[in-house]
Amino acid sequence: MSRIINGKEIAEKFCDQIKLRAEEIQKQGTEPHIALINVGDDPASDVYVSKKKKLAASLGISSTIYKLDRNTGEIELEKLIRSLNDDSKVHAILLQSPLPDHLNFRKFIDMVNPEKDVDGLTTINLGKLFSCNSEVSPCTPLGVLHLLNTVHPDISGLHAAIIGRSFIVGRPLAQLLLNENCTVTTLHSRSKNLPEICRTADILISAVGRPLFVGKEFVKPGTTVIDVGVNRIEKDGAKKIVGDVNFDEVKEIAAAITPVPNGVGPMTVAYLMHNALILTRRLCHL
Ligand code: NAP
């Protein structure tokens with residue numbers, strides 16, 4: 001039976017430290033402020049953005065939600081991003097993904113001033129991560145690394161298999177773990193022999209977005225399993241959130257495993273606040 005990695009508790013402890021850092025910044029006369037841009041009517045995005053606003057408020061970080069409707073045009077979104085770039089009271093900008101289909105996320109994230117890019121997703125900040133020179137890395141990969149370090153304080157030399165190669169999770173996570181001297185394998189929809197390759201890993205991370213995708217055949221006994229997936233399903237007539245991993249099956253083999261919910265999710269939001277304070281300090285020369 002695995003150790004359950006309680007992301008909620010770990011995030012709460014981390015947030016206690018963030019709150020102290022926010023107080024220090026306020027004592028110096030600056031109110032950290034995050035702009036949260038949410039375009040469209042994705043119900044999950046609405047929930048995520050309001051959770052981010054709530055956590056920010058509880059830590060002493062102010063925020064504004066910019067809610068734009070699903071038919072928002074390119075010019076309108078560009079105007080908003082440019083005005084937030086120019087607003088000296090805004091220290092951090094989040095562009096919630098996904099955007100509606102007619103708006104290309106990579107095009108618009110690159111309009112965000114890299115110095116206000118709270119999720120480290122602009123091409124410039126991803127490049128800095130690639131060249132081991134980043135101050136602000138993407139929040140979900142940072143949260144995954146933090147959870148891994150609670151089990152393995154030193155991950156150097158361990159083999160991490162990551163399923164998923166998106167720009168928000170898989171790719172930056174691979175780079176982050178490589179920077180920590182892991183041996184990294186990145187798998188995706190064209191990869192062959194997934195279970196066989198995953199069974200060679202000491203650390204298995206799934207960021208696919210498919211319920212029950214990772215079963216026991218993917219897991220070597222003693223592996224640490226991190227489930228990034230968030231999938232909304234209906235079971236016995238009730239709506240439920242599950243990860244990518246068949247938790248009940250895999251927990252019998254893995255050494256440690258994250259649950260969904262209360263695994264990676266709370267860490268992602270905590271790192272958003274952490275990054276916002278780094279950006280505030282840098283922009284305000286504190
Ligand atoms: P995404 O952009 O859809 O990427 C999914 C990845 O999974 C792609 O690289 C895709 O491969 C790969 N994939 C799909 N089917 C596969 C298969 N049969 N075999 C192997 N690989 C396969 O998704 P994302 O934005 O990275 O998010 C992934 C999941 O994490 C989602 O459930 C999302 O909700 C969740 N998420 C959670 C958090 C959190 O804080 N907990 C944060 C972000 C995302 P290709 O590249 O070949 O298409």
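For the numbers below, each heavy atom of this structure counts, side chains included, while hydrogens, waters and symmetry mates do not. Counting convention: from 1, in listed order, for ligands and their atoms alike.
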Are any of the side-chain nitrogens in E135 or R281 under 4.0 Å away from the carboxylate oxygens of its partner?
no
Please could you name the atoms of ligand 1 that V169 approaches to less than 4.0 Å, counting only its heavy atoms?
26 (O), 43 (C), 44 (C)
Is the closest side-chain donor-acceptor distance between R21 and H274 under 3.5 Å?
yes
Write down the atom of P138, the atom of G120, and the distance for their closest heavy-atom approach.
CG-O, 3.5 Å
Nearest neighbour of atom 1 (P) of ligand 1 from the list P266, S166, P141, on a heavy-atom basis
S166
How close does the nearest protein non-hydrogen atom get to atom 47 (O) of ligand 1, and which residue and atom is it?
S189 OG, 2.5 Å
Does an N or O anywhere in T268 fall below 3.5 Å from an N or O of ligand 1?
yes
Check: F105 ring centre within less than 6.0 Å of F167 ring centre:
no
Please name the pair of heavy atoms, one in V225 and one in A254, separated by the smallest distance, quoted to 0.1 Å.
CG2-CB, 3.8 Å
Do any nitrogen or oxygen atoms of D244 lie less than 3.5 angstrom from nitrogen or oxygen atoms of ligand 1?
no
Return the closest protein heavy atom for atom 42 (C) of ligand 1 as residue, atom name and distance.
T140 OG1, 3.3 Å
Considering only non-hydrogen protein atoms, determine which one is nearest to atom 17 (C) of ligand 1 and report residue, atom name and distance to 0.1 Å.
F213 CZ, 3.6 Å
So for V228 against ligand 1, with non-hydrogen atoms under 4.0 Å, the contacting part is both
Taking only heavy atoms of G265 into account, list the atoms of ligand 1 that are under 4.0 Å away from them.
40 (O), 41 (N)
Is the closest side-chain donor-acceptor distance between N231 and D244 under 3.5 Å?
yes
Sub-3.5 Å N/O-N/O distance, Y48 and ligand 1
no
A207 heavy atom under 4.0 Å from ligand 1:
yes
Polar side chain donor-acceptor pair, T122 to N125, under 3.5 angstrom
yes
Any idea which protein heavy atom is nearest atom 25 (O) of ligand 1, and the distance to it?
I168 CD1, 3.4 Å
What protein heavy atom is closest to atom 8 (C) of ligand 1, reported as residue, atom name and distance in Å?
R165 N, 4.0 Å
With backbone taken as N, CA, C and O and side chain as the heavy atoms from C-beta onward, which portion of M267 lies under 4.0 Å from ligand 1: side chain, backbone, both, or neither?
neither
Give the atoms of ligand 1, by number and element, whose distance to some non-hydrogen atom of G164 is under 4.0 Å.
6 (C), 7 (O), 9 (O)
Between the side chains of D119 and N275, does any donor sit under 3.5 Å from an acceptor?
no
Protein heavy atom at shortest distance from atom 29 (C) of ligand 1
G209 N, 3.8 Å
Of all the non-hydrogen atoms in the protein, which one sits nearest to atom 13 (N) of ligand 1, and at what distance?
V208 CG1, 3.8 Å
Test item: side-chain donor near acceptor, T123 and D110, under 3.5 Å
yes
Could you tell me whether E23 and K27 have a side-chain N and a carboxylate O separated by less than 4.0 Å?
no
Hey, is V230 touching ligand 1 through its side chain, its backbone, both or neither, going by heavy atoms under 4.0 Å?
both
Do S62 and H33 have side-chain N/O donor and acceptor atoms under 3.5 Å apart?
yes
